[in-house]
Chemist: 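Have a look at this one.
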Amino acid sequence: MKRFNLFELLGIPQLSEHLATVQTALLTVLPDSQSILYEPMRRIVTAPSKRLRPALVIASACQGGNVTENVISACVSIELIHLASLVHDDIMDNSDSRRNVATVHQKEGLNQAILVGDYLFAKANQVAATINLEVAELIAKTIAALCEGQARELADQHNLARSETSYLEAINDKTAALVASACETGALASGLEKHKVRALHDYGIAFGMSFQLLDDVLDVLSSSELLGKPVCSDITEGIYTLPVILTLEGDYRKQLLANIQIATKSQFDSTKVLIDSGSLQKAVDRAKEYNRSAKQAVASFASEELQDLPDAYLQWALNNLVLKKYQLLIK
Ligand code: GRG
């Protein structure tokens with residue numbers, strides 16, 4: 001698989017050095033090595049990751065400002081929220097692996113996993129407080145948004161009448177809010193003008209929506225080897241994402257319902273229905289629309305690389321994360 005190369009795509013010459021500084025700073029928030037939280041925390045912080053959100057903090061700061069110490073702190077705070085949410089999300093989904101590494105609740109047990117997540121959230125707030133009050137408030141609001149998004153998803157679990165609006169609101173909060181805050185904190189920490197802060201927020205929301213739509217498509221069309229986490233879990237867990245919602249609204253409703261309700265039906269059957277109904281393609285098309293909005297939001301001042309990043313990610317994901325047998329079916 002070709003790596004998703006943010007360094008090439010963003011055209012920021014020093015990006016790899018900045019991200020190395022972020023990595024060193026992330027390691028400084030680990031608890032004392034005597035603590036039972038140390039080992040799981042170390043594993044999480046050093047696990048392979050695209051580091052998409054810190055890269056967006058830096059790329060946003062670079063749209064007229066400099067990568068200051070505060071910008072690096074914003075990267076750390078945002079990434080800590082991301083890591084904490086993954087730990088808690090894996091508990092809720094009872095997932096065994098993430099980034100091809102054992103999840104904390106699986107390896108160290110539920111109680112330690114809860115504490116690791118809480119510790120990461122607390123550290124995210126602590127680091128944000130060193131930047132300024134505006135960023136500290138934004139970080140706390142973002143954590144609350146993630147909880148609300150996850151709660152909306154939970155409220156709709158196994159709801160076969162889940163609406164598209166309800167789905168879009170949930171992913172706005174559970175995923176797009178953090179991507180938007182990555183862009184916004186980068187802009188705020190580097191002192192960009194208000195109109196750029198607002199535009200970068202809008203860019204982040206649109207990119208985040210597209211990112212989650214694609215993640216939901218990959219749950220159906222990828223493999224655990226390619227993604228480093230379990231796949232085909234959404235339908236079995238009762239999380240009905242856009243491809244399922246659209247299929248249930250159309251001509252293939254009966255077929256999909258039969259697959260969902262009969263436990264012996266294989267995942268392959270559901271995938272086939274979702275492909276035949278055209279709703280996986282519709283979800284990808286919707287992601288492309290969000291990418292166009294992201295580009296438009298910052299077109300007046302941002303680098304072309306930043307404007308094109310959402311589409312570059314989408315194309316990379318379709319070419320590298322979708323299983324070969326499905327690649328010709330989705331464009
Ligand atoms: C505050 C207790 C508390 C919980 C927060 C659990 C939760 C509420 C929210 C879950 C949010 C979540 C996990 C959304 C999914 C976002 C997503 C698609 C993550 C994958 O991001 P990548 O691909 O990951 O950037 P890497 O591994 O590259 O860093």
Side-chain angles (χ1 to χ4, degrees), residues 1-6 9 50 52 56 149 153 162-176 179-180 202-235 237 239-253 255-256 259-260 267-297 306-331:
M1 186 206 339
K2 193 170 159 261
R3 253 188 71 230
F4 180 59
N5 196 333
L6 276 165
L9 289 170
K50 296 182 284 302
L52 174 66
L56 283 173
E153 186 169 286
R162 186 183 198 190
S163 69
E164 194 178 317
T165 310
S166 173
Y167 164 79
L168 293 174
E169 283 172 359
I171 69 168
N172 184 89
D173 287 352
K174 80 165 193 173
T175 304
V179 179
D202 294 347
Y203 167 90
I205 289 284
F207 186 7
M209 295 295 285
S210 152
F211 189 83
Q212 185 61 56
L213 276 161
L214 202 54
D215 199 65
D216 293 339
V217 168
L218 293 173
D219 184 72
V220 183
L221 296 181
S222 190
S223 68
S224 50
E225 289 75 27
L226 288 171
L227 292 187
K229 63 175 183 180
V231 286
C232 297
S233 51
D234 287 341
I235 292 184
E237 299 278 325
I239 308 294
Y240 303 137
T241 60
L242 192 63
V244 170
I245 294 169
L246 294 177
T247 305
L248 290 175
E249 283 169 358
D251 297 343
Y252 286 75
R253 178 181 171 82
Q255 274 158 274
L256 185 59
N259 285 350
I260 290 175
Q267 172 61 37
F268 176 77
D269 295 323
S270 298
T271 303
K272 187 172 173 350
V273 177
L274 293 174
I275 290 174
D276 291 350
S277 70
S279 51
L280 282 163
Q281 183 62 53
K282 280 187 196 148
V284 172
D285 291 342
R286 201 69 71 81
K288 289 181 184 169
E289 276 170 38
Y290 278 111
N291 288 351
R292 281 192 284 276
S293 305
K295 188 173 171 131
Q296 235 167 28
L306 188 65
Q307 292 183 44
D308 292 337
L309 184 69
D311 251 346
Y313 175 72
L314 185 140
Q315 281 313 327
W316 172 83
L318 293 183
N319 293 336
N320 292 280
L321 300 179
V322 169
L323 285 171
K324 287 270 175 286
K325 63 178 170 182
Y326 298 132
Q327 279 197 356
L328 286 174
L329 304 170
I330 299 290
K331 52 181 190 313

Chemist: Which value, rounded to the nearest 0.5 Å, describes the distance between T175 atom OG1 and Q212 atom CD?
Modeler: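 Between T175 OG1 and Q212 CD, I get 3.5 Å after rounding to 0.5 Å.
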Chemist: Is the shortest side-chain heavy-atom distance between L227 and L218 below 4.5 Å?
Modeler: yes
Chemist: In Å, rounded to the nearest 0.5 Å, how long is the span from CG of L323 to CD of E225?
Modeler: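 One gets 8.5 Å once the value is rounded to the nearest 0.5 Å.
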Chemist: Passes side chain to side chain contact (heavy atoms under 4.5 Å, CB included), L242 versus D216? Steps please.
Modeler: CA-CA 8 Å; L242 192 63; D216 293 339; over 6 Å; no
Chemist: Over all heavy atoms of both residues, which pair between S222 and V231 is shortest? Give the atoms and the distance, please.
Modeler: O-CG2, 3.8 Å
Chemist: Using atom types as modelled and distance alone, determine if a side-chain donor or acceptor of Y240 lies under 3.5 Å from a backbone N or O of L248.
Modeler: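 Looks like no, no N/O pair under 3.5 Å.
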Chemist: Quick one: does any side-chain atom of T247 pair with a main-chain N or O of P243 as donor and acceptor, under 3.5 Å?
Modeler: yes
Chemist: What I'd like to find out is whether the side chain of I235 reaches to under 4.5 Å of the side chain of I260, using heavy atoms alone.
Modeler: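 I235 vs I260: side chains touch.
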Chemist: How far does CG of N319 sit from NZ of K324, to the nearest 0.5 angstrom?
Modeler: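 Those atoms lie 8.0 Å apart.
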Chemist: Do E164 and E169 come within less than 4.5 Å of each other through their side chains, counting heavy atoms only?
Modeler: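 E164 does not reach E169 side chain to side chain.
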Chemist: When you measure from the side chain of Q327 to the backbone of V322, do you find a donor-acceptor pair of N or O atoms at a distance under 3.5 Å?
Modeler: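 Judged by distance alone, yes, a pair lies under 3.5 Å.
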Chemist: I need the Q315 CD to K288 NZ distance, nearest 0.5 Å.
Modeler: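 Spacing of CD (Q315) from NZ (K288) equals 6.0 Å.
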Chemist: Compare every heavy atom of I245 with every heavy atom of S163, then report the nearest pair and how far apart it is.
Modeler: O-CD1, 3.8 Å
Chemist: Restricting to salt bridge (charged side-chain N to carboxylate O under 4.0 Å, His left out), what partner residues turn up for E249, sequence neighbours left out?
Modeler: none
Chemist: Any chance you could measure D311, atom CG, to N291, atom CG, to the nearest 0.5 Å?
Modeler: 4.5 Å
Chemist: Apply side chain to side chain contact (heavy atoms under 4.5 Å, CB included) to the pair R162 and E153, showing each step before the final yes or no.
Modeler: CA-CA 10 Å; R162 186 183 198 190; E153 186 169 286; 4.3 Å; yes
Chemist: Indicate yes or no: at least one non-hydrogen side-chain atom of L56 is less than 4.5 angstrom from one of L52.
Modeler: yes
Chemist: Can you check whether V179 reaches I205 side chain to side chain, under 4.5 Å on heavy atoms?
Modeler: no
Chemist: Which one of V244, T241, L221 satisfies the side-chain contact (heavy atoms from CB on, under 4.5 Å) criterion with L274?
Modeler: V244
Chemist: For Y203 versus L306, what's the shortest heavy-atom pair and its separation?
Modeler: OH-O, 2.6 Å
Chemist: For a 4.5 angstrom cut-off between non-hydrogen side-chain atoms, does I330 reach L318?
Modeler: yes
Chemist: Which residues pass the side chain to side chain contact (heavy atoms under 4.5 Å, CB included) test with K282, not counting sequence neighbours?
Modeler: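 Checked K282 against side chain to side chain contact (heavy atoms under 4.5 Å, CB included); matches are L246.
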Chemist: Show, in sequence, the C-alpha distance, side-chain angles and deciding distance for D202 and F207, and conclude whether the side chain to side chain contact (heavy atoms under 4.5 Å, CB included) test is met.
Modeler: CA-CA 9 Å; D202 294 347; F207 186 7; over 6 Å; no
Chemist: Quick one, L314 and Y290 - any side-chain contact, counting heavy atoms below 4.5 Å?
Modeler: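 No, too far: nothing below the 4.5 Å cut-off.
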Chemist: Filter on ring pair (Phe, Tyr, Trp, His ring centres under 6.0 Å), then keep only pairs touching residues 306-325, sequence neighbours left out; what's left?
Modeler: F4-Y313, F4-W316, F211-Y313, Y313-W316
Chemist: Quick one: are R286 and Q281 in side-chain contact, heavy atoms under 4.5 Å?
Modeler: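 They are not in contact (no side-chain heavy atoms under 4.5 Å apart), so the answer is no.
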Chemist: Look up atom CG in L214 and atom CG in D219, then write down how far apart they are to the nearest 0.5 Å.
Modeler: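 Nearest 0.5 Å value for the CG-CG distance: 12.0 Å.
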